[in-house]
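Single-structure report; data block below.
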Amino acid sequence: MGINTQAYKAIRDEIAATNTTLVAVSKTKPATDIEALYHLGQRDFGENYVQELVDKQGALPDDIRWHFIGHLQSNKVKYIAPFVHLIHGVDSFKLLTEINKQAQKNNRIIDCLLQIHIAKEETKFGFNEAELATAMADLPNAGLNNIVIKGFMGMASFTSDTTVIAAEFTYLNNLYQHYQLAPNTDNYKPSILSMGMSSDYALAIAHGSNMIRVGSLLFGERNYTK
Ligand SMILES: *Cc1c(COP(=O)(O)O)cnc(C)c1O
């Protein structure tokens with residue numbers, strides 16, 4: 001059905017005064033929709049599926065910054081390592097090690113966000129607080145010279161209760177602030193807190209987010225069945 005130009009401009013105006021990056025989440029949407037937004041000036045796009053991302057990257061302009069925001073399996077890192085701009089959903093040290101290995105093979109440094117589990121749903125991915133503490137302690141000495149952790153990413157519970165969502169955003173922002181105090185090393189340079197989607201991006205920004213991932217508001221509802 002095409003993109004929602006009005007919503008796009010409204011969001012851009014809304015975040016212009018803030019230090020927020022808009023990632024347009026284009027999963028399941030055709031390349032023509034991405035091109036339409038590209039022509040309005042959008043450069044950051046987010047995808048969830050490796051094959052779909054590889055196909056779109058090959059077909060679309062080279063100056064698009066591709067964000068991988070889905071659940072990434074270790075055996076698929078190699079397909080996106082040559083070009084990916086930022087991997088949001090790093091949820092294990094094993095995955096981080098594999099990203100480092102593939103980055104090295106491509107002579108690149110790949111920026112990553114650690115995904116933190118903030119929602120009620122067990123099905124969502126991410127580090128819990130204890131696992132995060134271990135990972136952060138291991139990071140400086142792991143020899144991962146081809147990745148940089150740029151911050152954290154989280155997904156709030158699937159609920160319309162904004163009190164619950166706000167509490168989860170606050171929790172993640174507190175963790176992010178806490179680890180801001182950790183010494184910056186070559187592979188830990190925190191500047192990004194990725195949280196907020198179509199339904200809760202304004203709330204996320206109010207709670208410290210500086211990178212929002214917005215899909216359906218820009219591209220319309222997704223249809224997974226066709
Ligand atoms: C699909 C997706 C989004 C975008 O969701 P909308 O509700 O369509 O804005 C954001 N983040 C992640 C991780 C997603 O998988």
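Order of appearance sets the numbers: ligands from 1, and atoms from 1 within every ligand. Counting begins at 1 with the first residue of the sequence.
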After noting the C-alpha distance and the side-chain angles of D44 and H67, does the key distance pass the side chain to side chain donor-acceptor pair (under 3.5 Å) rule?
CA-CA 7 Å; D44 291 275; H67 297 242; 2.7 Å; yes
For D161 and T159, run side chain to side chain donor-acceptor pair (under 3.5 Å): C-alpha distance rounded to whole Å, both residues' side-chain angles, the deciding distance at 0.1 Å, then the answer.
CA-CA 5 Å; D161 187 341; T159 173; 5.2 Å; no
Apply side chain to side chain donor-acceptor pair (under 3.5 Å) to R222 and S216, showing your working.
CA-CA 7 Å; R222 288 174 293 271; S216 44; 4.7 Å; no
Is there a side chain to side chain donor-acceptor pair (under 3.5 Å) between Q51 and Y79? Walk through the geometry before answering.
CA-CA 8 Å; Q51 188 57 52; Y79 301 114; over 6 Å; no
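Note: Y176 and F152 have perpendicular aromatic rings, judged against thresholds of 30 and 60 degrees for the angle between ring planes.
A donor-acceptor contact shorter than 3.5 Å links the side chain of S198 to the backbone of L217.
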Write out each pair where an N or O from ligand 1 and one from the protein are under 3.5 Å apart, with the distance.
from: ligand 1; atom 1: 8 (O); to: S216; atom 2: N; distance (Å): 2.8
from: ligand 1; atom 1: 8 (O); to: S216; atom 2: OG; distance (Å): 2.9
from: ligand 1; atom 1: 8 (O); to: R222; atom 2: NH1; distance (Å): 2.8
from: ligand 1; atom 1: 8 (O); to: R222; atom 2: NH2; distance (Å): 3.1
from: ligand 1; atom 1: 9 (O); to: S198; atom 2: N; distance (Å): 3.0
from: ligand 1; atom 1: 9 (O); to: S198; atom 2: OG; distance (Å): 2.5
from: ligand 1; atom 1: 9 (O); to: G215; atom 2: N; distance (Å): 2.8
from: ligand 1; atom 1: 11 (N); to: R213; atom 2: NE; distance (Å): 2.9
from: ligand 1; atom 1: 15 (O); to: K27; atom 2: NZ; distance (Å): 2.7
from: ligand 1; atom 1: 15 (O); to: N48; atom 2: ND2; distance (Å): 2.7

